[in-house]
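Here's the structure we're looking at; comments come further down.
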Protein chains: 2
Amino acid sequence: MSSTTKLTPKGAATRARIVEAAADHILAHGVGGTSLDDIRAGTATSKSQLFHYFPGGKTDLVAAIASFQSERVLEAQRPFLDTLDTWEAWEGWRKAVVAHYGSQAHWGCPIGALASELIASDPAVSDEVAAYMDRWRGYLQAGVTRMQAAGLLRADAVPETLALSIFAALHGGLLLTQTMQSIEPLEAALEGAMAALHAWQAPTRPSLSEVGSESLA
Amino acid sequence: MSSTTKLTPKGAATRARIVEAAADHILAHGVGGTSLDDIRAGTATSKSQLFHYFPGGKTDLVAAIASFQSERVLEAQRPFLDTLDTWEAWEGWRKAVVAHYGSQAHWGCPIGALASELIASDPAVSDEVAAYMDRWRGYLQAGVTRMQAAGLLRADAVPETLALSIFAALHGGLLLTQTMQSIEPLEAALEGAMAALHAWQAPTRPSLSEVGSESLA
DNA sequence: AACTTTCTGGACCATATAGTCCACAGATGT
DNA sequence: ACATCTGTGGACTATATGGTCCAGAAAGTT
């Protein structure tokens, strides 16, 4: 979809400028509330440039923005996102998420909002966004899985379900930050999600001595 | 906003027909993906009727749909929603929610999706939708509050936060039903929310399974 | 310098869509 | 029966917006 054409440094810079400004505008006003003219005005570019860098038109541009925002959002959760192996890591992740979305220029999640809006209107881009969401969820699931493998979570926990519930709480919290114009719902949602995760905490200290003695006896 | 003009039975029926059909179309394709012509075609009406019953145009119509869907959604959660005083009621509520959204023609929540889309583009209607969301959340909070008053939840639980986290989980689950085209995320989300709520269960009777780590005294 | 390629500006087009208007049908009340 | 009000049809308008096109500037390549 994106261009296979060559980009000079200047061109790349312009393209980046467009994506960033458009991403901002879309976060604030949604895809439907963002016209190509808005973007043109906000970036001091011309119509032809928009179609030069995004031959597929608005759809193409929105897809680029989705990719851009996806990267940005995942990056904000690092390094915790990659190593959700301990309770401390989850705690760090939680704080990073709250800090990131609290410092954004507008409430809500660029990816979540995009997903919700596009699923109803643009199936093609929507699939792409859904893929980003899946990847994101995958990181959480990987963490839960490793927590379980390490004996921190009960053996009968289902990592997929657990990760899904945390992911859902996260996005619900983010959705509500929009309607309530406050960070509170996100904080409450993650607090709840962490509580639910702790509910599956393995019985205290599966220490070697205890396991050993039992098997010996 | 709505008409103060008189409506004959015939008129009321037409108006209702428009609202219902439009609500459906909007649930499927979003506000941006629904033109007045779509609605006209889907209801066998004419342009003039749309403006006759909704003088404010599309905005007015969307507001009416929000109200309609809000009622419908709350109704689907009854009678549990009004009496979330026991663990059984919450369980019943959970099942009712899953059943309702599982039987809808399309994934997602009409109110949540509307809120997400409109906040970015139409502040006026968005406020109205946010009010419906608040009312909805209020029911959950009232339930949690009564649970606590009845001694079913610990005294140091914060009903507002707890209800908010459940509400967030619910809407996150609903958002993900859209991206994943499955009821699973909603089920997982509510499962998690219930687990988080149970984490605040008052230790009235030590009839717990095998959790000896927490309450000793 | 000559030449090619990329970048940029903005006029222009096509059309989708919200919204207006008016004529007429069909009730309803007196 | 008459007058009046509500309901309905559909042509018409205005405009916002996505998209095209081409000429020319800037950069880079030989």
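Below, chain A is the first sequence line, B the second, and so on; all start at residue 1.
In this model, the phosphate group of D:dT8 is approached by a side-chain N or O of B:Gln49 to a distance below 4.0 Å at OP1 or OP2. Contact annotation: A:Tyr53 reaches the phosphate of C:dT8 (side-chain N/O to OP1 or OP2, under 4.0 Å).
With respect to B:Arg78 and B:Glu75, a salt bridge is recorded, a charged nitrogen being found less than 4.0 Å from a carboxylate O. Salt bridge status for A:Arg94 with A:Glu91: present, with a side-chain N to carboxylate O gap under 4.0 Å.
A donor-acceptor pair shorter than 3.5 Å cannot be found between the side chains of A:His29 and A:Thr34. Between B:Gln148 and B:Thr145, the side chains place no donor N or O within less than 3.5 Å of an acceptor N or O (distance only, hydrogens not considered).
No option in A:Leu162, A:Thr161, A:Asp156 other than A:Thr161 meets the side-chain contact (heavy atoms from CB on, under 4.5 Å) test with A:Val158.
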All N/O contacts under 3.5 Å from nucleotides 28-30 of chain D to the protein, with atom names and distances to one decimal?
none

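For DNA chain D, the neighbouring residues in residues 33-48 of chain A, judged by any heavy atom under 4.0 Å, are A:Thr34, A:Ser35, A:Leu36, A:Lys47, A:Ser48.
Between D:dT8, C:dT8, D:dG19, one nucleotide has an atom nearer to the side chain of A:Lys58 than all others, and that is D:dG19.
Nucleotides of DNA chain C nearest to A:Thr14 and B:Thr59 differ in position, and the one nearer the 5' end is that of A:Thr14.
Between A:Gly11 and A:Tyr53, the shortest heavy-atom distance links the atoms CA-OH, 3.3 Å. Residue A:Val31 comes nearest to A:Glu117 through the heavy atom pair N-OE1, 3.1 Å, listed as atom of the first residue, atom of the second, then distance.
Atom CZ in A:Phe51 sits roughly 16 Å away from atom C1' in D:dC22 (whole-Å rounding). The CZ-P distance, from A:Phe54 to C:dT8, rounds to 12 Å in whole Å. Following rounding to the nearest Å, A:Arg15 (CZ) and C:dC7 (P) show an atom-to-atom distance of 11 Å. Taking atom NE2 of residue A:His52 and atom P of nucleotide D:dT20, one finds them 14 Å apart after rounding to whole Å. When rounded to the nearest whole Å, the span between NZ of B:Lys10 and P of C:dA27 equals 5 Å.
The side-chain tip of B:Arg137 does not point at the ring of B:Tyr132 from less than 6.0 angstrom away and within 45° of straight on.
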Apply the test salt bridge (Lys or Arg N to Asp or Glu O under 4.0 Å) to residues A:Glu71 and A:Arg135: give CA-CA distance (whole Å), side-chain angles for both, the deciding distance (0.1 Å), then the verdict. CA-CA 11 Å; A:Glu71 273 318 312; A:Arg135 194 168 134 229; 3.5 Å; yes

